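To start, the structure itself, in structure tokens.
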Amino acid sequence: MAKLLPDIDRPRAWLLTVDGAPQSYVDLDAPTHLEFEYVRRLAHVLDEAAPEGRPLDVLHLGGGALTLPRYVAATRPHSRQDVIDADRGLLALVTEHLPLPDDSGITLHAQDARAALEAAPPAGADVIVADVFSGSRVPAPLTSVEYARAAARALRPHGLYAANLADGAPFDFLRRQLANFAAGFHHLALIAEPSVLRGRRFGNAVLLASQAELPLAALARRTAADAFPARVEHGAPLRRLIAGALPVPDAEARPSPQPPDGAFSLN
């Protein structure tokens, strides 16, 4: 069940919920206003993907209310963005009630995310943003090492992959995701709140991967300055987290763990 709920404090702002869980927030008058912390972290990655204002070619796996595509269109005019979402009904709901500007450069595709990624042109994207959930779990086809290799193939040599994931201690899912991307990328990082990284609660973590050096210092400054500060883990701490975890082939891939009751529900 998808619902669009108006924000009484902002006249043209809307919250999209799916099965009662907050999924996206959009202010049509202020597309750079980002309500959710994990979305801000993904936006920081997009901000650091190229010099300020330079257009990007972005592949979004998962659409929601198109919060990040709208953000990129506002901050980097003339960017080319393809949004993949298998939920035709959700795309229709969002585009009818929260229409995109005519010159947004955003193209919507009602497709399966894994199939679309594998069909994407080689080295065609500057950034891939993955925020795909079936209910409250990342689907199994997007959790394998073959999926990670498909992402590496679709990115340009300097390109960035950024995924919104969710897990809690002992991080079995997150460790295997990192192992998947370590098999196909030279550089990895993880952005999350300290309480999540310490295993004190279940929560979001943004996984970053690239063949080129990641903008770690800039991302650390940006995420530390947020209302809910996050840490950027990389290097030795990340290797310790991955230690012992093996890449997951398609035949053994499983969805991300079911969040605890109330983890992402509206209060």
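Hydrogens, waters and symmetry mates play no part in the numbers below; they use all other heavy atoms, side chains included. No experiment lies behind these values; they were computed from the predicted model shown.
With hydrophobic clusters built from ILVMFWY side chains whose heavy atoms lie under 4.5 angstrom apart, L207 does not share a cluster with L42. Residue V83 is grouped with residue W14 when hydrophobic side chains (ILVMFWY) are merged at heavy-atom distances under 4.5 angstrom, including chains of intermediate members. Taking hydrophobic clusters as Ile, Leu, Val, Met, Phe, Trp and Tyr residues chained together by side-chain heavy-atom distances below 4.5 Å, V132 does not share a cluster with L68. In terms of hydrophobic clustering, with Ile, Leu, Val, Met, Phe, Trp and Tyr side chains grouped at heavy-atom distances under 4.5 Å, V129 and V206 are assigned to a common cluster. The cluster map of Ile, Leu, Val, Met, Phe, Trp and Tyr, joined by side-chain heavy atoms under 4.5 Å apart, puts V196 and V39 in different clusters.
For D167 (side chain) and L174 (main-chain N/O), a donor-acceptor pair under 3.5 Å exists by modelled atom type. Between the D7 side chain and the A13 main chain, no donor and acceptor come within less than 3.5 Å of each other. Using a distance-only test at 3.5 Å, with no hydrogens or angles considered, no donor-acceptor pair links the side chain of Q23 to the main chain of V18. For T143 (side chain) and R254 (main-chain N/O), a donor-acceptor pair under 3.5 Å exists by modelled atom type. Under the 3.5 Å distance criterion, the side-chain polar atoms of D126 are left unmatched by any main-chain donor or acceptor of R156. For the pair Q211 (side chain) and G184 (backbone), a donor-acceptor distance under 3.5 Å is present. S79 contributes a side-chain N or O that, together with a main-chain N or O of L56, makes up a donor-acceptor pair within less than 3.5 Å. Side-chain N or O atoms of R175 include one that pairs as donor or acceptor with a backbone N or O of A243 at under 3.5 Å.
Residue H33 qualifies as enclosed at atom NE2: its count of foreign heavy atoms under 6.0 Å is above 12. Dense packing is recorded around CZ of R137, with more than 12 heavy atoms of other residues, nucleotides or ligands lying under 6.0 Å away. For R88, the CZ atom is loosely surrounded, since the number of other residues' heavy atoms within 6.0 Å does not exceed 12.
The two atoms that bring A154 and A120 nearest to each other are CB-CB, 4.2 Å, heavy atoms only. A230 approaches I191 most closely through the heavy-atom pair CB-CG2, 3.9 Å. Across all non-hydrogen atoms, the minimal contact from P31 to A74 is CG-CB, 3.8 Å. In plain terms, the two heavy atoms of Y147 and A130 that are nearest each other are OH-CB, 3.6 Å. A pairwise comparison of heavy atoms in A162 and V45 identifies CB-CG1, 4.1 Å as the closest pair. Nearest heavy-atom pair across S144 and A253 is CB-CB, 4.1 Å.
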From CA spacing to verdict: side chain to side chain contact (heavy atoms under 4.5 Å, CB included), L108, D85 = CA-CA 8 Å; L108 307 181; D85 200 303; over 6 Å; no
inquiry  = Checking D250 against R114 for the salt bridge (Lys or Arg N to Asp or Glu O under 4.0 Å) test, could you report, in this order, the C-alpha distance in whole Å, the side-chain angles of both residues, the deciding distance, and whether it holds?
reply    = CA-CA 12 Å; D250 275 331; R114 174 71 180 267; 2.9 Å; yes
inquiry  = Determine whether I128 and L117 satisfy the following criterion, side chain to side chain contact (heavy atoms under 4.5 Å, CB included), listing intermediate values before the conclusion.
reply    = CA-CA 9 Å; I128 296 173; L117 179 64; 3.9 Å; yes
task = Check step by step if side chain to side chain contact (heavy atoms under 4.5 Å, CB included) holds for D131 and Y38.
result = CA-CA 10 Å; D131 189 9; Y38 85 86; 3.0 Å; yes
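Inter-residue side-chain proximity for E233 and R240 is flagged as unmet; no heavy-atom pair is nearer than 4.5 Å. Contact check for E35 versus P22: no side-chain heavy atoms found under the 4.5 Å cut-off. Taking the side chain as every heavy atom from C-beta outward, L190 and L241 approach each other to under 4.5 Å. Using a 4.5 Å heavy-atom cutoff, the side chains of S256 and L165 are not in contact. Residues M1 and D19 meet the side-chain proximity criterion, which asks for heavy atoms closer than 4.5 Å. Between Q258 and S136 there is a side-chain heavy-atom pair separated by less than 4.5 Å. Counting heavy atoms from C-beta outward, L100 and R70 have side chains that approach closer than 4.5 Å. Counting heavy atoms from C-beta on, the side chains of F36 and L15 come closer than 4.5 Å.
For the salt bridge (charged side-chain N to carboxylate O under 4.0 Å, His left out) test with E193, the passing option among R231, R41, R198, R200 is R41; the others fail. A side-chain contact (heavy atoms from CB on, under 4.5 Å) with L16 holds for exactly one of V26, L98, L90, L5; it is L90.
Every pair passing side-chain hydrogen bond (donor to acceptor under 3.5 Å, both in side chains) that includes a residue from residues 42-52 is listed here, sequence neighbours excluded: H44-D226, D47-Y71, D47-R222, E48-R222.
In this structure, D9 has no side-chain hydrogen bond (donor to acceptor under 3.5 Å, both in side chains) partners at least two apart in sequence or on a different chain. A search for side-chain hydrogen bond (donor to acceptor under 3.5 Å, both in side chains) contacts involving H109 returns D82, not counting sequence neighbours.
The distance from atom OH of Y25 to atom CZ of R10, rounded to the nearest 0.5 Å, is 5.0 Å. Note that CG of L208 and CZ of F181 are 10.5 Å apart. Values are rounded to the nearest 0.5 Å. Remark: R40 CZ to E37 CD distance equals 4.0 Å, nearest 0.5 Å. Interatomic distance, L91 CG to L66 CG, rounded to the nearest 0.5 Å: 7.0 Å. Interatomic distance, L4 CG to H97 NE2, rounded to the nearest 0.5 Å: 6.5 Å. Taken to the nearest 0.5 Å, the NE2 atom of H234 stands 5.0 Å off from the CG atom of L216.
Taking the six-membered ring where tryptophan is involved, the planes of Y161 and F185 are tilted, since the angle between them lies from 30° to 60°.
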